[in-house]
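The structure appears below as structure tokens.
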Amino acid sequence: MRFSQMLIPTLKEAPSDARVPSHVLLVRAGYIRQVAAGIFSLLPLGMRVVHRIERIVRQELNRAGAMEVLLPMVHPAPLWQESGRWQVYGPQLLRLRDRKEFEFALAPTAEEAIVALVRDDVRSYRRLPLNLYQIQDKFRDEDRPRAGLMRGREFIMKDGYSFHVDEEDARREYQNMYDTYTRIFRRCGLDFRAVEADTGNIGGSLSHEFQVLADTGEDSIVSCDACDYAANVEKAVLRRQVGEPPDTSATPPCSPVHTPGVGRIEEVAAFLQTEPQRLLKTLLYIADGKPVAALLRGDRQLNEAKFRTLLGASQLDPASDAQVRQLSGAEVGFAGPVGLAVPLYADLEVVEMGPAFCGANRTDYHLQDVVFGRDYQAQVADLRVAAAGDPCGRCERGRYRHHRGIEVGHVFFLGTRYSEPMRCEFLDREGRLRPMVMGCYGIGITRVVAAAVEQNHDEHGIRWPMALAPFHVILVTAGLEPGIGEMARRIYDDLQVRGVDVLYDDRDERPGVKFKDADLIGIPVRITVGRKALSDGMVEVRRRDGKLDTRVPLQEVASVVSSMVQRELEMGVAGA
RNA sequence: CGGGGCGUAGCGCAGUCCGGUAGCGCGCCUGCUUUGGGAGCAGGAUGUCGGAGGUUCAAAUCCUCUCGCCCCGACCA
């Protein structure tokens, strides 16, 4: 492709509404343009990157036995009413009406549509298992779209669904997809982790997110420094016993302290001239209509998902200010476990705290020297959000490291959440009607684009991994001598014959402009044919990642570069 | 949903307080020169000043309403 003929509108200045590197660079380098909040157009370069990703995804999924389909993007409301999600999904589901006032939704995901398809045409165990996927635009009317392609409202997603005769087979396929995703992201050249994830309200136990590691990621994940356990902090379990509970036999009885007007943890700690770690935090919640309290060390966060699971509650909300006043008998900020007539649940760490400060259930007062087991009792459980340094819950000695991640893939064991209400059933060997057991598997294609840039850029621009780059090589001419163009065209043809995708910058621009654009656009290999090439027959080969900057004889450059490209493309395909 | 910020040429911005009929840089077009890290000179094109209503002789500027975009928060007692 010739640069002069391609639409690559690069910008010297960043658009003012972009904050994160991927957004800034993808706009500046001419890959995307914003159309509305969270809605983007893909320009030719952006489209090429998307195609690269899609190709890898298709190859690996097809290889793993999945089949591609294309479902509609506009779903009739009754479909969603059948699964119950029309009521449950909320404002993220964009609803619309046609001219006859019939209601539709723009698909944010396609469980309903795929189930409707399969249940009508698959009635026998002989036709199972099935794994169907599509690559298609999705729409989610996000509360707050942000960070460019990272959290858009409209985005391209690969969504796949599998159907099985029983749970065992569904789990086998789950593993198959897990392995396939690992291959896909490895081939994309991304630094990622597969982490255990919270299954949310769908239930079930199996769920992994594929997280690309990047500081700008929205998700928080932890990985063990001793074993291979890694999980989203929403999910990460903690080791029960870490140290011995401190000896509190000499601790004086607890006593009130006057703390006028200080109710927030930091304020209380500052007022008492101590650390938040010495404070005991009491959080009042309403679980299915009944009050409960969670106790945590002052600097810790409650993991509501863990709490809800522990309680077996379907609804769990923080108590309102009025409820807090009524339950604790004090203003908000002065609740404590001592004498509180509410079921108490203490995080593992609370046991090991030693004498602590906590609210006195009396406005403007706290208690000091409060000891677990002596001054109050509570059920002890893993309740907090895992953080860096916390003890791994899967092995005996590991500690957690913390990372930020961008969720680019998610595999999920669904069970019969959809097949049951929507009656997606089959006849088994014995002639009995049974619901199919399902799994679902997603990859955010456009989010992979953003994640790759977040992970691979510098102050000059993008640095694509070879597998995702819109072109493998950019060929730049520097100088106006007629011989230079001729040489470049020969190299261009030679590379194309060898299957290398080349962007030939034939523009009538000064070399500086071409170099700046090449760096910004981020193509992995740059070949420069300049005046020097005319004199000594050498051209420059330089890698965008800085790993190579050398000169190669004109005659050899095509073979040298094409094998470099091939080698790199094959790196992730090992075992294929 | 709560709070904050911003909408002026394709992009980045000034002008708004204090009303007088729109400007700068980049980009774009033409010509000449230039050609290894975002060239120089000369000439040129480009605006419903987000929209609607109001005040006024006169509105980018003041008032009211509205739309859009960005950021922070939306459990932490």
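Because the structure is predicted, anything quoted here is derived from the model rather than measured. Every chain is numbered from 1 and lettered A, B, ... according to where its sequence line falls, protein lines coming before strand lines.
Separating the C1' atom of B:rA14 from that of B:rG54 is a span of 28 Å, rounded to the nearest Å. Nucleotides B:rU55 and B:rU48, compared at atom P, are 26 Å apart to the nearest Å. Taking atom P in both B:rA9 and B:rG51, the straight-line distance is 11 Å, to the nearest Å. Atom name C1', nucleotides B:rA42 and B:rC6: the rounded distance is 38 Å, in whole Å. B:rA39 and B:rA59 have their P atoms separated by 43 Å, with the value rounded to a whole Å. Taking atom P on both B:rC24 and B:rC32, the two are 26 Å apart, rounded to the nearest angstrom. A gap of 26 Å separates the P atoms of B:rC11 and B:rC17, to the nearest Å. The same atom, C1', is picked in B:rC41 and in B:rU34; the two are 11 Å apart, to the nearest Å.
The salt bridge (charged side-chain N to carboxylate O under 4.0 Å, His left out) pairs that include a residue from residues 359-370 of chain A number zero, where partners must be two or more places apart or lie in different chains.
No salt bridge links A:Asp215 with A:Arg404; every basic N to acidic carboxylate O contact stays at or beyond 4.0 Å. The pair A:Arg463-A:Asp519 does not meet the salt-bridge criterion, since no charged nitrogen lies less than 4.0 angstrom from a carboxylate oxygen.
Here the P atom of nucleotide B:rU34 and the CG atom of A:Leu480 are 10 Å apart, to the nearest Å.
Pair check for B:rA42 finds B:rU30; Watson-Crick or G-U wobble, both atom distances under 3.5 Å. With a cut-off of 3.5 Å on both Watson-Crick or G-U wobble distances, the partner of B:rC24 is given as B:rG12. Here B:rG2 sits opposite B:rC72 as a Watson-Crick or G-U wobble pair (both hydrogen-bonding atom distances under 3.5 Å). Base pairing of B:rG7 is made with B:rC67, judged by Watson-Crick or G-U wobble geometry with both donor-acceptor distances under 3.5 Å. Base pairing of B:rA59: no nucleotide in any strand meets the Watson-Crick or G-U wobble criterion (both distances under 3.5 Å). With both pairing distances under 3.5 Å, B:rG36 is matched to nothing as a Watson-Crick or G-U wobble pair. Across the strands present, B:rU48 finds no partner; the criterion is a Watson-Crick or G-U wobble pair with both atom distances under 3.5 angstrom.
Stacking of A:Arg48 on the aromatic ring of A:Phe471 is recorded, both the 6.0 Å distance cut-off and the 45° axial limit being met. In this structure, A:Arg2 forms no cation-pi arrangement with A:Tyr504, as its terminal cationic atom is not both closer than 6.0 Å to the ring centre and no more than 45° off the ring axis. A cation-pi contact, defined as under 6.0 Å to the ring centre and within 45° of the axis, is absent between A:Arg95 and A:Trp80.
Classification of the A:Phe40-A:His23 ring pair by plane angle, with boundaries at 30° and 60°, yields perpendicular. Between A:Phe307 and A:Tyr285, the ring planes are perpendicular. Angles over 60° get that label, and only those under 30° would be called parallel.
Less than 6.0 angstrom separates the ring centroid of A:Tyr31 from the ring centroid of A:Trp464.
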Checklist line | Nucleotide-resolved protein contact map, nucleotides 36-50 of chain B, B/S/- at heavy-atom distance under 4.0 Å | finding: BBBB-----------
Checklist line | Contact letters for nucleotides 69-77 of chain B, in which S counts primed atoms plus P, OP1 and OP2 and B counts the base, heavy atoms under 4.0 Å | finding: SSSB--BBB
Next item on the list: Let me see the working for A:His457 and A:Glu454 under side-chain hydrogen bond (donor to acceptor under 3.5 Å, both in side chains), right down to the final yes or no.
Entry: CA-CA 7 Å; A:His457 69 270; A:Glu454 288 298 330; 5.2 Å; no
